[in-house]
Peer 1: 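Attaching a single structure in structure tokens format; questions to follow.
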Amino acid sequence: NDFAVENIGDTVKDLAGQGTDRNLARKYYGEGEQVYVDAVDARARDPQADLDSAFLGAAKKFRAAAKRWPDSALEEDALFRAGESYFLAMRYAKANDLFEQLLKKYPNTKYLEFVGARRFVIAKYGLNWYQAEQPSFYQFNLVDSKRPTSDPFGHAVRVFDRMRLDDPTGKLADDATIAAANAHLAAGDYQRADQFYTDL
């Protein structure tokens, strides 16, 4: 049974010492939480403090905790905290990846509204950067970790679109729809803009 197709991934993890370990998951989560809380407190005292490395360290611990106890309330909390840590370190593409992972696995998560607010900020940031810089579709970003590696316009609009699909009755669903419509209108893609306006 361990080598059945649907179980082979878990079996390999177990053999490599990377399988489910609740105690280790709790340990990683606790360590991540301590680093996260200290970094948040330090930023409250000094908003200009460079705490990116602390938040990235916390994100690493939270991700490790999530992997060690899948399908649990701890995994849900850890995925959210990892995304939030990346967000506070301004690693927006990674933050959105973690938030999407959370919503895919826990579509009715208790963090749904908060994640929506964060994703809206991420999409607006990418869209504003695109409108200011006007990079070409084929231009790749391999330097700035705050921005997606390619197609910032497409990435931002996709985040808006996913927001309204992931939480269609949420407080920001209408805002995400109108933001996507306005972005397409400004870009001259009137047909796609019309689709979003019609959906609204």
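Computed from a predicted structure; not experimentally measured.
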Peer 1: Quick one: OG on Ser72 to CZ on Arg22, what's the gap to the nearest 0.5 Å?
Peer 2: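 Result: 8.0 Å between the selected atoms.
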Peer 1: I want to check something: taking the side chain as every heavy atom from C-beta on, are Val37 and Val40 in contact at a cut-off of under 4.5 Å?
Peer 2: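 Side-chain contact under 4.5 Å: no.
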Peer 1: Could you work out, with side-chain contact (heavy atoms from CB on, under 4.5 Å) as the rule, every residue matching Arg63, not counting sequence neighbours?
Peer 2: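 Testing Arg63 for side-chain contact (heavy atoms from CB on, under 4.5 Å), a comparison that skips the adjacent residues, returns Ala82, Tyr86, Leu98.
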Peer 1: Under a 4.5 Å cut-off applied to non-hydrogen side-chain atoms, are Lys105 and Pro70 in contact?
Peer 2: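 Yes, side chains in contact.
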Peer 1: Kindly write out the residues that satisfy ring pair (Phe, Tyr, Trp, His ring centres under 6.0 Å) with Phe196, not counting sequence neighbours, or none if the list is empty.
Peer 2: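 Counting only residues at least two positions away or on another chain, Phe196 forms a ring pair (Phe, Tyr, Trp, His ring centres under 6.0 Å) with His184.
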Peer 1: Going by side-chain heavy atoms closer than 4.5 Å, which hydrophobic residues are tied to Leu24, directly or by a chain of links?
Peer 2: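 Leu24 clusters with Tyr28.
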Peer 1: Might you point out which heavy atoms bring Ala65 and Ala25 nearest each other, and give the distance in Å?
Peer 2: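 Heavy atoms only, the tightest pair is CB-O, 3.4 Å.
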Peer 1: Which residues pass the side-chain contact (heavy atoms from CB on, under 4.5 Å) test with Ala49, sequence neighbours left out?
Peer 2: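 side-chain contact (heavy atoms from CB on, under 4.5 Å) list for Ala49, sorted by chain: Asp46, Leu51.
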Peer 1: Just wondering, do Phe62 and Glu84 contact through their side chains at under 4.5 Å, heavy atoms?
Peer 2: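 In short, these two side chains do not touch, never coming nearer than 4.5 Å.
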Peer 1: So do Phe99 and Leu79 actually touch side chain to side chain, heavy atoms under 4.5 Å?
Peer 2: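 They are not in contact (no side-chain heavy atoms under 4.5 Å apart), so the answer is no.
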Peer 1: Give the cluster check for Phe87 versus Val35: same hydrophobic cluster or not, with ILVMFWY residues linked at side-chain heavy-atom distances below 4.5 Å.
Peer 2: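 No, because Phe87 and Val35 fall into different hydrophobic clusters, even though each may have its own neighbours under 4.5 Å.
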Peer 1: Is there a side-chain contact between Arg68 and Asn23 in this structure, where contact means two heavy atoms from C-beta onward sitting under 4.5 Å apart?
Peer 2: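 Answer no - side chains too far apart.
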Peer 1: Apply side-chain hydrogen bond (donor to acceptor under 3.5 Å, both in side chains) to Arg158 and list each qualifying residue two or more places apart in sequence or on a separate chain.
Peer 2: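 Partners of Arg158 under the side-chain hydrogen bond (donor to acceptor under 3.5 Å, both in side chains) test: Glu100.
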Peer 1: What pairs meet the ring-ring contact (aromatic ring centres under 6.0 Å, His included) rule with one or both residues in residues 156-178, with sequence neighbours excluded?
Peer 2: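 Residue pairs passing ring-ring contact (aromatic ring centres under 6.0 Å, His included), neighbours aside: Phe120-Phe160.
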Peer 1: Answer yes or no: is there a side-chain heavy-atom contact under 4.5 Å between Leu103 and Arg119?
Peer 2: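 Yes. Closest side-chain heavy atoms under 4.5 Å.
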Peer 1: Please walk me through it: do Phe80 and Thr109 pass side chain to side chain contact (heavy atoms under 4.5 Å, CB included)?
Peer 2: CA-CA 9 Å; Phe80 169 72; Thr109 180; over 6 Å; no
Peer 1: Is the closest side-chain heavy-atom distance between Trp69 and Asp21 below 4.5 Å?
Peer 2: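 The answer is no; the side chains never approach within 4.5 Å.
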Peer 1: Is Glu75 reaching over with its side chain to a backbone N or O of Asp71, donor-acceptor style, under 3.5 angstrom?
Peer 2: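 Yes, Glu75 side chain to Asp71 backbone: donor-acceptor pair under 3.5 Å.
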Peer 1: Determine whether a donor-acceptor pair (N or O, by modelled atom type, separation under 3.5 Å) exists between the side chain of Arg43 and the backbone of Leu88.
Peer 2: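 Yes: the side chain of Arg43 pairs with the backbone of Leu88.
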Peer 1: Under the rule for side-chain contact (heavy atoms from CB on, under 4.5 Å), what residues qualify as partners of Lys110, not counting sequence neighbours?
Peer 2: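 Partners of Lys110 by the side-chain contact (heavy atoms from CB on, under 4.5 Å) criterion, ordered by chain and then number, come out as Glu76, Asp77.
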Peer 1: Just by modelled atom types, is the Lys124 backbone N or O under 3.5 Å from a matching donor or acceptor in the Asn128 side chain?
Peer 2: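 At least one qualifying donor-acceptor pair exists.
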Peer 1: Restricting to non-hydrogen atoms, name the atom on Ala193 and the atom on Ala181 that form the minimum distance, rounded to 0.1 Å.
Peer 2: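 Nearest heavy atoms, Ala193 then Ala181: CB-O, 3.5 Å.
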Peer 1: So, for Ala156 and Ala123, which heavy atoms are closest and what is the spacing to 0.1 Å?
Peer 2: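 The pair with the smallest heavy-atom distance is CB-O, 3.4 Å.
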Peer 1: Should Leu127 and Leu200 be regarded as members of a common hydrophobic cluster, given that ILVMFWY residues are connected when their side-chain heavy atoms come within less than 4.5 Å of each other, either directly or indirectly?
Peer 2: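 No: no chain of side-chain contacts under 4.5 Å links Leu127 to Leu200.
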Peer 1: Going by the rule side-chain hydrogen bond (donor to acceptor under 3.5 Å, both in side chains), which residues pair with Asp50 if we only count those two or more places apart in sequence or in a different chain?
Peer 2: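 Applying side-chain hydrogen bond (donor to acceptor under 3.5 Å, both in side chains) to Asp50 gives none.
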Peer 1: Below 4.5 Å, heavy atoms only, C-beta onward: do Asp194 and Thr198 meet side chain to side chain?
Peer 2: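 Asp194 reaches Thr198 side chain to side chain.
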Peer 1: For the hydrophobic clusters of this structure (ILVMFWY residues joined by side-chain heavy atoms under 4.5 Å, transitively), does one cluster hold both Ile178 and Ile122?
Peer 2: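 As far as the 4.5 Å side-chain criterion goes, Ile122 and Ile178 are not connected within one cluster.
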Peer 1: As an exercise, state the distance from CG of Asn96 to CZ of Arg118, rounded to the nearest 0.5 Å.
Peer 2: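 Asn96 atom CG to Arg118 atom CZ measures 13.0 Å (nearest 0.5 Å).
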Peer 1: Going by the rule side-chain contact (heavy atoms from CB on, under 4.5 Å), which residues pair with Ser53 if we only count those two or more places apart in sequence or in a different chain?
Peer 2: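 Partners of Ser53 under the side-chain contact (heavy atoms from CB on, under 4.5 Å) test: none.
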Peer 1: Any side-chain hydrogen bond (donor to acceptor under 3.5 Å, both in side chains) involving residues 167-183? Give me the pairs, sequence neighbours left out, ordered by first then second residue.
Peer 2: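 Sorted result for residues 167-183: Glu113-Lys171, Asn182-Tyr197.
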Peer 1: Among the clusters formed by ILVMFWY side chains lying less than 4.5 Å apart, do Leu56 and Tyr36 turn up in the same one?
Peer 2: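 Looking at the clustering, Tyr36 is in the same group as Leu56.
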Peer 1: State which residues pass side-chain hydrogen bond (donor to acceptor under 3.5 Å, both in side chains) with Tyr190; sequence neighbours excluded, sorted by chain then number.
Peer 2: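 In terms of side-chain hydrogen bond (donor to acceptor under 3.5 Å, both in side chains), with neighbours along the sequence ignored, Tyr190 is linked to no residue.
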Peer 1: Show the numbers, then the answer: is there a salt bridge (charged side-chain N to carboxylate O under 4.0 Å, His left out) between Lys104 and Asp166?
Peer 2: CA-CA 9 Å; Lys104 183 176 181 182; Asp166 290 335; over 6 Å; no
Peer 1: Should Leu165 and Tyr111 be counted in the same cluster of Ile, Leu, Val, Met, Phe, Trp and Tyr side chains packed under 4.5 Å apart?
Peer 2: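 Different hydrophobic clusters.
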Peer 1: By the salt bridge (charged side-chain N to carboxylate O under 4.0 Å, His left out) test, which pairs, at least two apart or in different chains, include something from residues 23-38?
Peer 2: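 Sorted pair list: Lys27-Glu31, Glu31-Lys61, Glu33-Arg81.
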